Number of protein chains: 2
Amino acid sequence: MGNDEICLSFLVRQAWLNMRSVMDSALATHDLSVAQYATLLVLDEQPGASVADVARAVASTRQSANELLAGMERATMVERHPHPQDRRSQKIHLTALGRSRLEAARPVVHARESELEVGFDAGERAMVREWLARMARAGHD
Amino acid sequence: MGNDEICLSFLVRQAWLNMRSVMDSALATHDLSVAQYATLLVLDEQPGASVADVARAVASTRQSANELLAGMERATMVERHPHPQDRRSQKIHLTALGRSRLEAARPVVHARESELEVGFDAGERAMVREWLARMARAGHD
DNA sequence: TCAGAATCGTCAGGAACCTGTCAAATTTTG
DNA sequence: CAAAATTTGACAGGTTCCTGACGATTCTGA
């Protein structure tokens, strides 16, 4: 599959794979995986989220999210507390360490992402995001 | 991660995941996986490609490609021949069955993809593809 | 109010991907 | 031309994701 569009979806996939690779490189010096970074972002935005909340937010499964969170808990990036109203569930929070690691990595990731878009103006960028948002949710009856 | 852009890369990921899901549904009635469909496309475009060629084209590894091709060979969608000039390598071709399955599935996938983009004009679509192509290759020094 | 449906975190097992490695073959380099 | 470097398909082992299932809990609607 060269540059000719054989299938739009695979063009998006290749964009994602490359962006993931770029991000992986950016996060390497911070000793964070892409999945860990995503999880830190989610917990920053949704403090006290449950495992299931995290899984949904990162478009994954509860099982995968749980395993990832277990590792991050061991690394003291996150902490879990019993949920005060729901005995099946937990509230998960960033630790101070988790937060500082996120704040260290975030500008680096953003800078790398910005570099990728050099040459596209604000209108084009906005339009692309609109398109991506559509792609992210369309097609389900 | 809601609709607010916390991280561009994850927006692209979600677009891909959803498009993959849509494609999966479209291919279900054809009893083809997304990876198989991608491989059929590659072999249609590059008849006689090697395992390594296929792997590169679908942005995967030789090992994964080889396993996938093995399954497709067993299902008589593809056939492998020794390479006439390179004794390490094979030339892989679509069988008539593989071709007919691809031709049956292709319009359905394209139709579904087109539906996703309803409301975006030709200029916007071209611009998005330019952006995606950039994202697919930028960032490597 | 209560029964059935849905959801929770977790366990178990498996699929689909990966990296490392190998011997042989081919290509590149000086 | 020979040595070094790279590439090939395949084996081995591992990682990361998945689905199915469970008992407990919560939600829903009649």
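Just so we're clear, the structure is a prediction, and the values are computed from it rather than from any experiment. Here is the naming used below: chain letters follow the sequence lines, and residue numbers restart at 1 for every chain.
A salt bridge (Lys or Arg N to Asp or Glu O under 4.0 Å) check over residues 85-97 of chain B, counting only residues at least two apart or in different chains, returns the pairs Asp86(B)-Arg88(B). The salt bridge (Lys or Arg N to Asp or Glu O under 4.0 Å) pairs that include a residue from residues 14-32 of chain B number zero, where partners must be two or more places apart or lie in different chains.
Remark: the backbone N or O of Ala138(A) is paired with a side-chain donor or acceptor of Asn18(B) at under 3.5 angstrom. Checking side-chain atoms of Arg134(B) against main-chain N and O of Leu116(A) turns up a donor-acceptor pair under 3.5 Å. No donor-acceptor distance shorter than 3.5 angstrom exists from the side chain of Glu67(B) to the backbone of Ser64(B), with no hydrogens or angles considered. A donor-acceptor distance shorter than 3.5 angstrom exists from the side chain of Arg13(B) to the backbone of Val58(A), with no hydrogens or angles considered. Judged purely by atom type and a 3.5 angstrom limit, Arg62(A) has no side-chain atom pairing as donor or acceptor with the backbone of Val51(A). Judged purely by atom type and a 3.5 angstrom limit, Ser21(A) has no side-chain atom pairing as donor or acceptor with the backbone of Leu17(A). Using a distance-only test at 3.5 Å, with no hydrogens or angles considered, a donor-acceptor pair links the side chain of Arg125(B) to the main chain of Phe120(B).
The span of DNA chain C lying next to chain B, judged by atoms under 4.0 Å from heavy atoms, is bounded 5' to 3' by dC17(C) to dT26(C).
Fit an axis to the five pairs at each end of the helix from dT1(C)-dA30(D) to dG30(C)-dC1(D) and the two axes sit 50° apart, to the nearest 10 degrees.
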In B/S/- notation, 5' to 3', how is nucleotides 10-23 of chain D contacted by protein heavy atoms closer than 4.0 Å?
BB-----SBBBB--

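Residues passing the ring-ring contact (aromatic ring centres under 6.0 Å, His included) test with His83(B): none are found, sequence neighbours excluded.
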